[in-house]
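Below: the structure, in structure tokens.
First the proteins, then the strands, lettered A, B, ... as listed; each starts at 1.
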Amino acid sequence: MKQVLQEMIRAAVARAHQSGALYSDATGDFVVEAPKLDHHGDFASNVALVSAKQQRMAPRRLAEILLAHLDDPGQRIERTEIAGPGFINFFLRPSAWHPLLVDIHRAGARYGASDAGGGQRVQVEFVSANPTGPLHVGHGRGAVVGDAVANILEAAGYQVQREYYINDSGRQIRTLGLSVYLRYAALCGRQVDFPENCYQGDYIRDLAAQVHQRRGDALLEEEETAAVDFCARLAAGTILDGIRKDLEDFGVRFDQWYSEQSLFDAGRVEAALDELRRRGIVYEKDGAQWCRTSEYGDEKDRVVVRQNGLTTYFASDIAYHRDKYARGFERVIDVWGADHHGYVARMTAAIEASGQRRDQFQVILVHLVNLLRGGQPVAMSTRAGEFVTLAEVVAEVGRDAARFIFLTRHHESALDFDLELAKQKTNDNPVYYVQYVHARIASILRKAAKEHGISEVVHDPAALAMLTEAEEIALIKAMAAFPETVAVAAAHLEPHRVTFFLMELAAAFHAYYNRHRVLTEDARLTRGRLFLVATVQQVIARGLGLLGVSAPERM
RNA sequence: GCGCCUGUAGCUCAGCCGGAUAGAGCAACGGCCUUCUAAGCCGUGGGUCGCAGGUUCGAAUCCUGCCAGGCGCGCCA
């Protein structure tokens, strides 16, 4: 509809220019948009303001000339007005909206999709929590944001791969092994000091018990390094299995689980460093090896090989990201916790130094989640091992509520997650507000089949023509915003836009539902309204689907 | 000290690649269930968009400076 009006305006300018009413046929960079206020019409354009200077004419006068030359062959426009400093407001006839309803209905699940991405291969890497402990709510937010972004990019025409990077090498894993080993030794009756920098949580004791169950006291006889290594591998494997299960229960699936250790095993870390050395980007200083990230926008150069000969985490990351592009991804998106934001510049620098463009790499920084219960903060201390896990939260409030709430804020804004609120089945809880629309419509459709013998929603132009109530047009207008919402959400990597869209569409539906009946005495009107609500149901389902939230038939 | 993020109604937040009288939800107050699910709807009140400048016909939005809060600034991961 916007495009139609845009074309009409362009044509009007051209016509006015031809007739000599305007100096120029230039339109400037004008927009047609849905105004915030209803009484500003269905659409408004700033064309007269934008091109007033070029046309050497006052905006309002220019607007008048444009309107005089406006041709509306489709008879879509009911009336127009010139308002404020020179906006042109368009008020459309209800009939102008009806074809859109048919389009949406026909498009089905493809409605809102586009080919903006042109099939470009994109990788979204998210969660990637170290397998040293269970996932907590913060990981949950990252999981949902990453998953929803991936869905939205798919809808926008990208070919998306979801990946989880497993940090299964390095010191944290050794610390994990040591933690389990020490708890195990204690189980065997040894007197042990448990250092503060070891993992404190109860799950470590559980893992130690597993070790004991499997090996008895025998591990104590082995050399400590080997024993710790055994504990590390067993613990990391067990924890990772738990993480997989928690994510699966949360509706998050990955196409690929990529092991850091495999990078070393395949020699990719050395290969990446070798290449950078050859190109003089990695150099030696003070007995360590450094990457010249400062030449690519970072504050300073970064160490990739320490004095002790061990590579840093950053070195693996360089190799890992190099491999991502080698695997054919043209764009790479990483979802990180906001506390890692200091890492963005160096990673971007490394990627550019490795031969990619910096715009091929984007980081989504997901901010903190404050867990509350009834408005009171829930005590959480990772260090002391006291935290509420993602699995516990999902078990308590449900997958849909948790996912939806994680997406009710911009990801760069801290989020308060109140467990009590999330469980409430009231309008305080937006997930039910939206799902309820789907369930209500399902209920109507069931009743239509059962009591009115209407088993199929059919397109009948005469029936659609009867959809003239303000609430009906408002519903169609709300749905009309979906493709742009998806497109903008994809362009900005902002899934919360879909959430807000759904809440608005839901509000429009509930208002309609309370004011008008779908199933009426008038068969034709009923047919039209059924077509309308079936379309709404379909868009709601599609939107919820992008967020990974279910669309229930009953509630 | 430097860098990033945040600052919008009593509370929680949208809006931020410039547009009209800044929007929702919650909370407060008042209404709506013999009819498709009240997990719903309708109405009322509520604002120096952190502050100060600048650019612009026009700024919550862009630029500069300041203030407040969060986070980050390792040869840790």
- Message: By a 5.5 angstrom centroid cut-off and a 30 degree plane limit, is there stacking between A/His496 and B/A14?
- Response: no
- Message: I'd like to check, for A/Phe87, whether its ring lies over the base of B/A20 with centroids under 5.5 Å apart and a plane angle smaller than 30°.
- Response: yes
[N] phosphate, OP1 or OP2, under 4.0 Å from [X] side-chain N/O:
X        : N     : answer
A/Arg346 : B/C73 : no
A/Arg515 : B/C32 : no
A/Arg409 : B/C13 : yes
A/Arg529 : B/C36 : no
A/Arg60  : B/C57 : no
A/Tyr343 : B/G3  : no

- Message: The criterion is salt bridge (charged side-chain N to carboxylate O under 4.0 Å, His left out); which residues satisfy it with A/Glu484, sequence neighbours excluded?
- Response: A/Lys2
- Residues in salt bridge (charged side-chain N to carboxylate O under 4.0 Å, His left out) with A/Glu81, at least two apart? A/Arg79
- Which ranges of RNA chain B pair up as stems, where a stem means three or more consecutive Watson-Crick or G-U pairs with both distances under 3.5 Å? B:1-7 with B:67-73, B:10-13 with B:23-26, B:28-32 with B:40-44, B:50-54 with B:62-66
- Kindly say whether A/Val282 contributes a backbone atom to a donor-acceptor pair with the side chain of A/Arg292 at under 3.5 angstrom? no
- Glycosidic conformation of B/C41, syn or anti, with 90° from 0 as the boundary? anti
